[in-house]
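Just so you know, residue 1 is the first one in the sequence shown, and it goes up from there.
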Amino acid sequence: MIYLKSFKLSSFIDSNPNAYPDSVFRHIAGEVFVFDRITICYGSNGAGKSSLLNIIANKLQIKGSERLTSYGENKYALNFINYCSYELGEDERERKHHSLPAESQYLKSEDILYEIKKIQQQQALRESLLFHEAQVASTREALEEYSRSQKLQKQLENISFGQEKYSNGETSLQFFDNYLQPNALYLLDEPETSLSPANQIKLAEQINELAKYFDCQFIIATHSPFMLGTLQAKIYNLDARPLRTAEWYELENVRFFYSFFQKHYNLFQ
């Protein structure tokens with residue numbers, strides 16, 4: 001399903017060289033991104049991947065978009081976003097969408113880390129409380145009843161995030177299981193955060209299935225070679241001059257990994 005067909009960046013760029021976000025997109029002013037079911041915005045650090053997703057989210061007023069105060073609420077940001085434009089896609093009967101699905105949202109890497117910490121905290125606290133209850137519970141049935149009780153829930157709610165807990169890849173995958181639902185547009189900023197290479201591939205395969213079978217559309221900012229090589233996506237290379245699409249194996253970050261392992265090829269024999 002294509003909910004967002006295209007997005008055109010502002011063709012007006014302020015002459016002030018320090019104006020943000022004008023300065024980031026000066027080299028691709030007025031460019032049009034045409035989206036597929038999965039579209040990747042690739043680029044090195046500072047290429048504008050995250051800024052692009054946030055501008056799209058602001059223009060579309062998608063849940064999770066950062067407020068314009070993130071840009072200083074200045075005339076440059078307001079003008080840039082106002083001058084951007086977009087076109088919605090069509091449904092399976094070629095009828096134009098008039099709005100985006102209500103469940104659509106923009107998930108930033110920092111949001112993911114924060115939610116992972118909350119999930120991990122709840123799991124650790126629950127396990128700790130159940131362990132202590134097991135020491136005093138008279139029977140297994142009593143322990144099981146406590147595990148389902150409002151008392152346990154209330155205890156969890158009353159405990160703050162005072163203890164530091166570690167996040168992990170499994171918790172991150174659980175986060176995506178909870179948040180990525182059918183029939184929606186998702187803007188994902190570096191979803192590989194905290195994931196091992198194996199779990200990055202697992203997440204990419206999940207995204208492929210959601211796009212192919214569950215009417216989801218994704219616009220993803222990433223430079224992970226594992227995500228790039230697994231996602232069945234159209235890839236825009238924001239490092240290119242002029243802007244153009246590319247195959248994943250042509251991208252500089254992927255070629256860097258390839259060169260590194262080629263250099264140490266003999267160690268793997």
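- Between the side chain of Asp36 and the main chain of Ile38, no donor-acceptor pair closer than 3.5 Å is present.
- Side-chain contact between Ile56 and Phe35: present, with at least one pair of heavy atoms (C-beta onward) separated by less than 4.5 Å.
- In terms of modelled atom types and a separation under 3.5 Å, the side chain of Gln217 and the main chain of Tyr3 share a donor-acceptor contact.
- Between the NZ atom in Lys8 and the OH atom in Tyr83 there is a gap of 12.5 Å [rounded to 0.5 Å].
- With a 4.5 Å cut-off on side-chain heavy atoms, Asn54 and Ser65 count as touching.
- Within a 6.0 Å radius of CD in Glu94, other residues, nucleotides and ligands contribute 12 heavy atoms or fewer.
- Ion pair Glu31/Arg244 not flagged as a salt bridge, since none of the NZ, NE, NH1 or NH2 atoms sits closer than 4.0 Å to an Asp/Glu carboxylate oxygen.
- In this structure a side-chain-to-backbone donor-acceptor pair under 3.5 Å is missing from Arg241 to Ile28.
- Using the six-membered ring where Trp is involved, Phe268 and Phe261 have ring planes that are perpendicular, over 60° apart on the 30 and 60° scheme.
- The backbone N or O of Gly43 sits nowhere less than 3.5 Å from a side-chain atom of Tyr236 that would complete a donor-acceptor pair.
- With hydrogens and angles disregarded, a donor-acceptor distance shorter than 3.5 Å links the side chain of Thr230 to the backbone of Phe226.
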- Task: Determine, step by step, whether Thr222 and Glu192 satisfy the side-chain hydrogen bond (donor to acceptor under 3.5 Å, both in side chains) criterion, reporting the C-alpha distance in whole Å, the side-chain angles of both residues, the deciding distance to 0.1 Å, and the verdict.
- Result: CA-CA 8 Å; Thr222 183; Glu192 69 273 12; 3.0 Å; yes

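- Applying the 6.0 Å contact sphere to NZ of Lys234 captures more than 12 heavy atoms from other residues, nucleotides or ligands.
- For Glu145, the CD atom is loosely surrounded, since the number of other residues' heavy atoms within 6.0 Å does not exceed 12.
- Distance check: Asn237 CG to Leu243 CG gives 8.0 Å after rounding to the nearest 0.5 Å.
- When atom types are taken as modelled, the side chain of Tyr42 and the backbone of Asn253 share a donor-acceptor pair closer than 3.5 angstrom.
- Between the Asp22 side chain and the Asn16 main chain, no donor and acceptor come within less than 3.5 Å of each other.
- Defined by atom type and a distance below 3.5 Å, a donor-acceptor pair is missing between the side-chain atoms of Tyr76 and Ser23.
- The closest donor-acceptor contact from the side chain of Lys59 to the backbone of Cys84 lies under 3.5 Å.
- Asp189 places no side-chain N or O within donor-acceptor distance of the main-chain N or O of Ser50, the cut-off being under 3.5 Å.
- Judged by distance alone, with hydrogens and angles left aside, the side-chain atoms of Lys108 form a donor-acceptor pair with the main-chain N or O of Gly64 at under 3.5 Å.
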